[in-house]
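I have placed the structure first, in the form of structure tokens, so that the comments after it can refer back to it.
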Amino acid sequence: MNKEHAYINMGQVSPHNIAFYTQYGYLIANNLLTADEIGTLKKETAAIFKGDRGQIEGLLQVADNEPDEEVLKRYVAIHFPHKISKIIHDSLFQPKVMGILQATVSVNIKCMQSMLFVKSPGKAGQSWHQDEYYIPTRDKSLVGVWIAIDDANVDNGCLWIIPGRPGYIMKRVANDNKTYADVDTVDVSAAGEPIPVEVKSGSVVFFNGYTLHSSQSNRTSDCFRTALVNHYMSAESMLPWDQDGKLQPSEDCRDIVLIAGEDPYAYKGITDVNKPYLRPEILKIKTEV
């Protein structure tokens, strides 16, 4: 494995990048977003969790002049913030991100989910998983786009990846590791060598839906690890996704945003069934463990 081929230079995807992604399932674009773009996302994060973009069940009242940091410490993440925030919605179309997706996935791209993480000091991480377990696509094209709003490192709970794209969804087992918030995980003891993905604010990590990844707890006393994570796929593929049992099963969830190119299923129309919600501290999602 030539690790240098994991890095996208100046937002321009090379043949080596494509070959690396095909085999190892991830790419890193350092400093892809500007400081101004990140600053806007950081301010919008505080506005969302303070309730300035609309009330979400579970949001707590904010005291007068309460610092943003104190507000954010109460939460882990919000799912579907693009439903209430124009800034987050517009960020789905970030041109440099779209260029990379079109070069590696398809010229036709759609998005089905956004997640805004605010991992404050002491918060647990997320156990080993494959995103396709939760968001199944017909053509295995799912890709997570992990945007670092804060610097992410081992101490504050950065992303960890096991390079590769397993050809199947691996079994979930019970989790007893307190660094993870989940009740279940994947036994990765024979899956390969995990690597930490330490990146600076403004960098973006792309990883395939079958690639194993996790994050550990934030062990710092004063550093947040805020990240915007959007999920995309080829628009040519249907999406048999019930949002972890929250939606009626269907062959093709149409609560999507067309990002680039054409939608072959445009004749089906668009629905609005997913609603923003706060991520719980302890995760028990789609599991029988």
Side-chain angles (χ1 to χ4, degrees), residues 1-38 41 91-92 94-107 109 117 119 125-126 128-132 139-168 170 186 188-216 218 223 225-234 259-260:
M1 178 172 63
N2 188 337
K3 293 182 179 179
E4 291 199 4
H5 294 161
Y7 292 90
I8 299 170
N9 186 30
M10 304 294 291
Q12 300 299 311
V13 178
S14 71
H16 289 306
N17 292 146
I18 294 174
F20 188 94
Y21 181 75
T22 300
Q23 184 169 358
Y24 297 110
Y26 75 99
L27 292 169
I28 301 168
N30 285 326
N31 304 310
L32 192 67
L33 273 63
T34 67
D36 285 345
E37 288 175 310
I38 291 299
L41 288 175
S91 76
L92 301 179
Q94 211 285 339
K96 287 175 283 190
V97 169
M98 286 309 97
I100 293 170
L101 289 174
Q102 287 188 297
T104 54
V105 179
S106 171
V107 295
I109 296 290
F117 289 88
K119 188 190 289 186
Q126 190 172 3
W128 288 104
H129 64 285
Q130 298 161 288
D131 287 345
E132 283 264 5
D139 64 351
K140 300 184 179 182
S141 66
L142 186 68
V143 54
V145 174
W146 200 98
I147 301 170
I149 296 176
D150 294 317
D151 292 350
N153 52 55
V154 170
D155 289 338
N156 71 0
C158 69
L159 191 68
W160 286 72
I161 280 177
I162 297 179
R165 292 173 62 165
Y168 61 98
M170 301 176 71
V186 173
V188 299
S189 57
E193 185 67 28
I195 60 171
V197 185
E198 296 186 294
V199 291
K200 294 294 186 180
S201 174
S203 300
V204 181
V205 185
F206 300 77
F207 50 92
N208 180 261
Y210 279 73
T211 298
L212 286 157
H213 59 287
S214 69
S215 68
Q216 297 181 356
N218 186 338
C223 294
R225 194 231 62 185
T226 310
L228 175 62
V229 186
N230 302 321
H231 283 101
Y232 301 87
M233 62 183 286
S234 66
I259 301 297

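Computation of the quantities below employed the complete heavy-atom set of this structure, encompassing side-chain atoms and omitting hydrogens, waters and symmetry-equivalent molecules.
- Contact annotation: the side chain of Trp128 approaches that of Pro194 to within less than 4.5 Å [non-hydrogen atoms, C-beta and beyond].
- Under the salt bridge (charged side-chain N to carboxylate O under 4.0 Å, His left out) criterion, Asp131 pairs with no residue at all, not counting sequence neighbours.
- Ser234 and Ser106 form no side-chain donor-acceptor contact under 3.5 Å, judged by distance and modelled atom types alone.
- In this model, no donor atom of one side chain and acceptor atom of the other lie less than 3.5 Å apart for Thr34 and Asp36.
- Among all heavy-atom pairs drawn from Gln126 and Ser214, the shortest one is O-CB, 3.2 Å.
- Between the side chain of Asn17 and the backbone N or O of His5 there is at least one donor-acceptor pair closer than 3.5 Å.
- Residues Val143 and Leu101 have side chains in contact (heavy-atom distance under 4.5 Å, counting atoms from C-beta outward).
- In this structure, His129 and Val186 approach most closely via the heavy-atom pair CA-CG2, 4.4 Å.
- The aromatic ring centres of Tyr26 and Phe20 sit less than 6.0 Å apart.
- Annotation: side chain of Ile109 is in contact with side chain of Gln102 (closest heavy-atom distance under 4.5 Å).
- Open room surrounds CG on Asn9; 12 or fewer heavy atoms of other groups in view lie less than 6.0 Å from it.
- In terms of modelled atom types and a separation under 3.5 Å, the side chain of Asn156 and the main chain of Arg225 share no donor-acceptor contact.
- Not a single donor-acceptor pair under 3.5 Å links the side chain of Lys96 to the backbone N or O of Gly11.
- Contact of the Trp146 side chain with the Val197 side chain is not registered, since no non-hydrogen atoms from C-beta on lie closer than 4.5 Å.
- Considering only residues two or more places apart in sequence or on other chains, His231 meets the ring-ring contact (aromatic ring centres under 6.0 Å, His included) condition with none of them.
- Here the CD1 atom belonging to Ile195 is positioned 13.0 Å from the NE2 atom belonging to His213, to the nearest 0.5 angstrom.
- Here Ile162 contributes atom CD1 and Glu193 contributes atom CD; the two are 8.5 Å apart, rounded to the nearest 0.5 Å.
- The two residues Arg165 and Gly25 have their closest heavy-atom pair at CG-CA, 3.4 Å.
- By the salt bridge (charged side-chain N to carboxylate O under 4.0 Å, His left out) test, Lys140 is found to be paired with no residue, residues two or more places apart in sequence or in another chain being considered.
- Going from atom OG of Ser203 over to atom CG of Asn31 covers 4.5 Å, rounded to the nearest 0.5 Å.
- Going from atom CD of Glu132 over to atom CG of Leu142 covers 5.0 Å, rounded to the nearest 0.5 Å.
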Verdict with reasoning, Ile100 to Phe206, per side chain to side chain contact (heavy atoms under 4.5 Å, CB included): CA-CA 9 Å; Ile100 293 170; Phe206 300 77; 3.7 Å; yes

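- The backbone N or O of Val154 lies less than 3.5 Å from a partner atom in the side chain of Glu198, making a donor-acceptor pair.
- A donor-acceptor pair under 3.5 Å links the side-chain atoms of Ser201 to the main chain of Ile149, judged by distance alone.
- Using a distance-only test at 3.5 Å, with no hydrogens or angles considered, no donor-acceptor pair links the side chain of Lys200 to the main chain of Ala148.
- Side-chain atoms of Gln130 and Leu212, non-hydrogen and from C-beta on, do get closer than 4.5 Å to each other.
- Formation of a donor-acceptor pair under 3.5 Å by the Tyr232 side chain with backbone atoms of Leu92 is found in this model.
- Here the closest heavy-atom approach between residue Leu41 and residue Ser91 is recorded as CD2-CB, 4.3 Å.
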